[in-house]
There are 2 protein chains.
Amino acid sequence: MTRNLTTLPLLCKLFKSVPPEEVEPLIERLGASIKTLRKGEVLFRTGFKADHFAIVLSGVLAVSRYDVNGHRNIVEQVDPMGTAAVALSIAGVERLRVSVEAKEKTEVLLFDVARVLCPGRVPDPVHLRFLRNLTINLAEKAVMLGRKISILSHRTIERRLLTYLHGQSIRNNSLKFEIPFDRQALADFLCVERSALSAEIGKLCKRGVISARKNHFELLKEVDED
Amino acid sequence: MTRNLTTLPLLCKLFKSVPPEEVEPLIERLGASIKTLRKGEVLFRTGFKADHFAIVLSGVLAVSRYDVNGHRNIVEQVDPMGTAAVALSIAGVERLRVSVEAKEKTEVLLFDVARVLCPGRVPDPVHLRFLRNLTINLAEKAVMLGRKISILSHRTIERRLLTYLHGQSIRNNSLKFEIPFDRQALADFLCVERSALSAEIGKLCKRGVISARKNHFELLKEVDED
DNA sequence: TCTATTCCGTTGGAATCACAACATAACCAA
DNA sequence: TTGGTTATGTTGTGATTCCAACGGAATAGA
């Protein structure tokens with residue numbers, strides 16, 4: 001193994017609290033392997049099963065979905081230290097509806113799900129720590145996805161936006177907060193048009209419901225319409 | 001403990017493959033407790049933290065979300081052997097945005113997350129089996145939520161419907177299949193109006209894209225528009 | 001300063017949807 | 001059969017959104 005992996009505990013949530021000197025032995029025991037993908041190379045293919053999951057060490061993975069017409073649509077981008085196909089591989093999905101491929105030359109660390117979950121054996125404490133991190137990671141992902149659904153289940157831009165802002169307000173424990181998106185990214189997240197979003201933000205400001213300057217938002221009054 | 005819990009392995013996915021005679025000892029060791037909720041009683045309250053999760057033994061739980069206006073909106077209903085707040089408690093969400101309450105008199109089995117995850121100790125094999133089930137359960141949930149998002153991220157009823165049907169077709173490995181929804185439930189799932197959905201189904205039939213009779217659907221041609 | 005670029009807001013027309021109201025069909029029970 | 005209930009399809013209108021095109025503001029680089 002040519003790469004220094006002892007920094008993983010600091011950078012990758014799955015290795016949190018794993019002693020640096022235990023990283024390589026753990027990886028060894030799990031039979032994980034480093035694979036280098038050429039640009040455009042497919043790691044997990046639509047229609048097949050993923051019995052591994054990946055941690056990106058360098059480069060970028062793109063998670064794409066093929067719609068009814070067979071057209072590709074990038075769902076998610078996985079940067080270094082991010083993970084790919086964790087839920088899909090653990091859930092044992094038989095026929096993937098997404099494909100995972102390298103946007104550029106990419107190094108990944110591949111884990112065999114069967115060995116990670118190690119059915120039938122009692123894992124050592126370090127392995128156990130890894131498993132716990134995995135579980136917590138999945139729980140956090142489920143919570144995030146649930147929140148996104150609660151936004152997308154609203155039909156108007158106004159409601160989606162207010163639901164999102166309300167959530168951010170709770171998260172920051174304040175009526176004033178900044179969001180991690182510019183307008184285009186926010187529109188993408190809410191699954192609406194950027195221009196229509198801008199227009200809606202303008203209306204809400206004019207009505208005195210919110211105040212918005214660039215990334216900075218403020219909730220001005222409890223919405224009482226409806 | 002007055003209740004017979006030895007049937008749990010057959011009925012509840014979290015206890016799958018746990019030997020029936022090991023159920024009660026495991027529950028004992030985890031310090032899980034049975035709680036009976038009166039109708040309307042709140043189990044997990046919006047704004048607070050859930051450091052337990054629940055398995056419903058009898059009765060029904062309602063997971064509700066309070067929108068920007070404070071109005072309640074039922075997100076999910078948990079029937080017997082279903083679980084509530086698994087992801088939320090494991091993710092350690094500090095301020096819940098949903099509340100969980102009993103729709104009728106309800107018995108739940110409550111698990112303390114800290115003791116289930118048992119940080120710092122190596123669990124016994126039965127406990128380990130339980131943890132694995134928990135992890136797989138979370139992974140399956142994340143996959144389901146991801147699929148729902150892929151549907152809701154489409155903006156038209158037609159696209160949402162076709163995406164859903166396409167997924168069902170893959171799941172059943174056939175162009176002919178039945179769906180587990182009536183029209184109203186399908187509309188709720190797709191987050192659209194029932195009547196508009198009916199109209200759209202009609203159009204797709206007329207255009208020869210699909211065939212639909214009650215629950216039975218068939219994909220007739222690869223959609224090539226766009 | 002000048003220019004190019006990116007980000008953001010605005011506008012108008014076309015497409016789509018929500019909503020309500022009604023029509024039809026299927027089903028069940030009295 | 002009759003009546004009631006539920007599931008589903010149809011229609012029309014108003015509201016909302018998409019989409020494309022444009023203009024202005026802010027920013028960065030030469």
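In what follows, every chain begins at residue 1, and chains take the letters A, B, ... in the order their sequences are listed.
Arg183(B) places its CZ atom 14 Å from the P atom of dA26(C), with the value rounded to the nearest Å. Rounding to whole angstrom units, CG of residue Asp182(B) and C1' of dC27(C) are separated by 14 Å. If you measure from atom CG of Leu204(B) to atom P of dG9(D), you get 12 Å, rounded to the nearest angstrom. Whole-Å rounding puts the Arg213(B) CZ to dG9(D) P distance at 13 Å. Spacing between atom CZ of Arg160(A) and atom C1' of dT17(D) amounts to 10 Å, rounded to whole angstrom units. Residue Asp188(B) contributes atom CG, which lies 14 Å from atom C1' of dA7(D) at whole-angstrom precision. Spacing between atom CG of Asn215(B) and atom C1' of dG9(D) amounts to 16 Å, rounded to whole angstrom units. Counting to the nearest Å, the P atom of dT6(D) and the CD atom of Gln184(B) are 13 Å from each other.
By the 4.5 Å heavy-atom criterion applied to side chains, Arg183(A) and Ile201(A) are counted as neighbours.
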message = I need a per-nucleotide contact map over nucleotides 10-21 of chain C, read 5' to 3'. Cutoff is protein heavy atoms under 4.0 Å; write B for the base, S for backbone only, - otherwise.
response = B-----SSSBB-
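Shortest non-hydrogen contact noted between Gly208(A) and Leu220(A) is O-CB, 3.3 Å.
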task = Begin with the C-alpha distance, continue with both residues' side-chain angles, and end with the deciding distance and a verdict on salt bridge (charged side-chain N to carboxylate O under 4.0 Å, His left out) for Glu140(A) and Lys13(A).
result = CA-CA 11 Å; Glu140(A) 287 171 347; Lys13(A) 283 162 48 173; 3.0 Å; yes
key: side chain to side chain donor-acceptor pair (under 3.5 Å) between Thr135(B) and Thr135(A), worked out   = CA-CA 5 Å; Thr135(B) 303; Thr135(A) 304; 2.8 Å; yes
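Dense packing is recorded around NZ of Lys148(B), with more than 12 heavy atoms of other residues, nucleotides or ligands lying under 6.0 Å away. Atom CZ of Phe48(A) has 12 or fewer neighbouring heavy atoms from other residues, nucleotides or ligands inside a 6.0 Å radius.
Five base pairs at each end of the helix from dT1(C)-dA30(D) to dA30(C)-dT1(D) define two local axes, and these are offset by 40° (rounded to 10°).
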Output a table of donor-acceptor pairs, distance under 3.5 Å, between side-chain atoms of residues 211-219 of chain A and any protein atom two or more places apart or on a different chain; print 'none' if there are none.
none

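The pair Arg207(A)-Glu158(A) counts as a salt bridge, with a side-chain nitrogen and a carboxylate oxygen less than 4.0 angstrom apart.
Below 30°, between 30° and 60°, or above 60°: for Phe53(B) and Phe130(B) the angle between ring planes is below 30°, a parallel geometry.
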